There are 2 protein chains.
Amino acid sequence: MPRETLTKDQIIRTAVDLLDDEGLEGLNMRSLGKRLGTVATAVYWHVKNKDDLVLLAGDRVWQEIELPDLAAVDWRTAATRMATGLHAMLARHPWLVQAFGSYVFYGPGKSRYDDHSLAVYEAGGFAGAEADRAAGAVFTFVLGNAMGTAAMASLTRRLGRGGGNPGELLRDVMAKATEIAMPFPRLRSRLIAPGEYGEAPEGTFEHGLQALLDGLEARLAARRVATGRSTTPAEN
Amino acid sequence: MPRETLTKDQIIRTAVDLLDDEGLEGLNMRSLGKRLGTVATAVYWHVKNKDDLVLLAGDRVWQEIELPDLAAVDWRTAATRMATGLHAMLARHPWLVQAFGSYVFYGPGKSRYDDHSLAVYEAGGFAGAEADRAAGAVFTFVLGNAMGTAAMASLTRRLGRGGGNPGELLRDVMAKATEIAMPFPRLRSRLIAPGEYGEAPEGTFEHGLQALLDGLEARLAARRVATGRSTTPAEN
DNA sequence: CGCATGAGTTGAACTAAGTGCAAGAGCACC
DNA sequence: GGTGCTCTTGCACTTAGTTCAACTCATGCG
């Protein structure tokens, strides 16, 4: 039996697990080494450095997203599935959202997603740069939406780390936020009657996404009328 | 003459400057101390810790955004100004976008912005939770859009730090990205003919923003028709 | 006038974490 | 059995957040 040896793939998988559990700030080479049953420096044989590892881990998770079959569903359904698939992936891996601010991801996993995303909008009749802009706008919206979740996840982890009751600490933070919002009438009314406004965040995401797609579709229709093209999307 | 002494405000202003220059990962207590003409530990008298400092700096910059006068412009113009004002602020302070993934901001600066944002959509006829969702969707879109800029700024800084010619290193990264994109037909076509697709990022932002506002406005109009309300926004 | 007090500063030092280096350990092939 | 390659390991260096106790100054009080 050959010596138990590390593989790059195993390292990346373990890094993803660790990132899911501990967040971006919780990933460090020593605890990664421990989780792999070895030491931090062993990892450096397989991976250039920590940044490289984050890039690798941050590209792998894109493979989890299922790409809709464009022959089977209409473009709008496909676009919605692409967006919600990304949304769900980012919710599973909030550290990726954090990393997005500090790293430029351009690996095969993200390329696969991006390419299919363009395919969806082209199938919808968006041509060339129009497809780019539409895909970019939706991507942007989903990403921005995930930031709130990521920040919240990071906060609860932070509170958990410092000893003490996390629930209680969270209540303290909420109380302080309420106090700060008091001088502002609209924020205050929402804090006082949260039941009236507070809504499943998912509903907000879905609503915003459909509004954006409506807007994009309307611009597409307007363009078609102006150029006298048929309303049937181009065959692909 | 009294002894030269630090103030909290001075520390926050210097921290913002340092963050603008060096990014979130470039902020450290020692260099902040140096920039203040003193040492790292002196800062701890005025600020609890680094997280606290980031929160303070990250709230202050919201004050830079000029809030449109709702009596002077229609809601759609106001909404656009709110969004572009935020967009410009985030472009000036890309570190804030990075921080958004890891911190929950809820200070007076952001509250001021959020409250006015709600006011804008309420003036447009969005009621209660509708205004929340509309404001949230636009905020989300602007934030997501800023992430790309932030990542790019972070990358160029990173390349600059490691010695060597940053321009050349950036070209290397581009080359690698191109190589990775090769298997994907749509990405490849865009990389081969960038002039045809590549566009001022500002145009993309403006386009996506207006599409989103179109979509939100259309939903508002639909709601109004359904409930038989007048199309005149409620007086505020 | 002198001193006690408290605000603010400083340097030393501890800890965690990223990473380079050189020595070692197992395995395969000659 | 040796030679070389792959991979692992411990040591050590560095940067950075943070604590602590000692120090300095200005001010107010007796």
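All figures in this text were calculated on a predicted structure; none of them were measured in a lab. Just so it is clear: chains get the letters A, B, ... in the order the sequence lines come, proteins before strands, and each one is counted from 1.
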For the side chain of B:T41 and the base of C:dG11, is some donor closer than 3.5 Å to an acceptor across the two? yes

Can the positive tip of A:K50 be found less than 6.0 Å from the middle of the six-membered ring of A:Y103, inside 45° of the ring normal? no

Just how far, in rounded Å, is C1' of D:dC7 from CG of A:L36? 14 Å

Whole-Å distance separating the NZ atom of A:K8 from the C1' atom of D:dC7: 15 Å

How long is the span from the CG atom in A:L27 to the CD atom in A:Q98, to the nearest 0.5 Å? 11.0 Å

Just checking B:L27: base, sugar-phosphate only, or nothing, at a heavy-atom cut-off of under 4.0 Å? sugar-phosphate

Distance check: side-chain N/O of A:H46 vs OP1/OP2 of D:dT6, anything under 4.0 Å? no

To the nearest Å, give me how far apart CD1 (B:I11) and P (C:dG8) are. 10 Å

Whole Å only: how far is the CD atom of A:E25 from the P atom of C:dG18? 12 Å

How far apart are the C-alpha atoms of A:R92 and A:E64, what are their side-chain angles, what is the distance that settles it, and do they pass the salt bridge (charged side-chain N to carboxylate O under 4.0 Å, His left out) test? CA-CA 10 Å; A:R92 281 194 300 276; A:E64 296 171 8; 3.0 Å; yes

On DNA chain C, check which nucleotide each of A:M29 and B:A40 is closest to and give me the residue with the more 5' one. B:A40

Using five base pairs at each end to define the local axes, how bent is the helix from C:dC1-D:dG30 to C:dC30-D:dG1, to the nearest 10°? 20°

Between A:D172 and A:K176, does any NZ, NE, NH1 or NH2 come within less than 4.0 Å of an OD or OE carboxylate oxygen? no

B:S117 and B:D114: side-chain donor and acceptor closer than 3.5 Å? no

What's the CG-P distance between B:D51 and D:dA16, to the nearest Å? 16 Å

Closer than 3.5 angstrom, by distance alone: can the side chain of A:R157 be matched with the main-chain N or O of A:E22 as a donor-acceptor pair? yes

Taking CH2 from A:W45 and C1' from C:dG26, how many angstroms apart are they, rounded to a whole number? 14 Å

Taking CZ from A:R158 and P from D:dG17, how many angstroms apart are they, rounded to a whole number? 13 Å

For A:R30 and C:dG18, give me the distance from atom CZ to atom C1', rounded to whole Å. 7 Å

Nucleotide nearest A:N28 when distance is taken to its side chain, options C:dG18, D:dT9, C:dT10: C:dG18

For the residue pair B:F100 and B:F105, does the interplanar ring angle fall in the parallel (under 30°), tilted (30 to 60°) or perpendicular (over 60°) class? tilted

When you check the phosphate oxygens OP1 and OP2 of C:dT9, does a side-chain N or O of B:T5 lie under 4.0 Å from one of them? yes

